[in-house]
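Counting from 1, the numbers follow the sequence of the chain as shown.
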Amino acid sequence: MIYGNGAAMGFAPDQVDHMSFWQFRACIDGFNKANGAEEAIPPPTDAEFDALLEGKSLNGE
């Protein structure tokens with residue numbers, strides 16, 4: 001799993017081997033932030049939730 005995460009960020013296995021856990025974790029945090037993983041998705045309003053339960057589209061289509 002660590003090598004897979006490293007590969008997704010563009011690191012070779014030997015580069016991952018030479019990082020401390022804290023360095024690798026900082027790379028993961030930076031990668032996620034740069035790729036929008038920290039953007040909060042607002043929860044639906046009560047009306048939107050009710051519409052979803054009824055099978056209605058939220059965008060009016």
Side-chain angles (χ1 to χ4, degrees):
M1 182 159 133
I2 289 180
Y3 291 123
N5 290 337
M9 292 184 289
F11 295 117
D14 63 322
Q15 291 174 305
V16 172
D17 286 340
H18 286 92
M19 290 183 202
S20 70
F21 172 78
W22 306 112
Q23 289 170 323
F24 188 72
R25 183 66 197 160
C27 290
I28 290 173
D29 289 343
F31 181 84
N32 287 342
K33 186 174 182 180
N35 288 285
E38 293 186 8
E39 294 178 19
I41 299 172
T45 64
D46 289 340
E48 290 172 331
F49 183 75
D50 290 341
L52 288 171
L53 290 177
E54 294 173 10
K56 296 179 182 174
S57 174
L58 296 181
N59 58 12
E61 295 177 4

Checklist entry - Quick one: CD1 on Ile2 to CD1 on Ile28, what's the gap to the nearest 0.5 Å? => result 8.0 Å

Checklist entry - Does the pair His18 and Phe11 meet the rule for a side-chain contact (heavy atoms from CB on, under 4.5 Å), with working shown? => result CA-CA 11 Å; His18 286 92; Phe11 295 117; over 6 Å; no

Checklist entry - Any Lys/Arg nitrogen of Asp29 or Lys33 sitting under 4.0 Å from an Asp/Glu carboxylate oxygen of the other? => result no

Next on the checklist: Does atom CG (Asp14) have a neighbourhood of more than 12 heavy atoms from anything else shown, all under 6.0 Å?
Outcome noted: yes

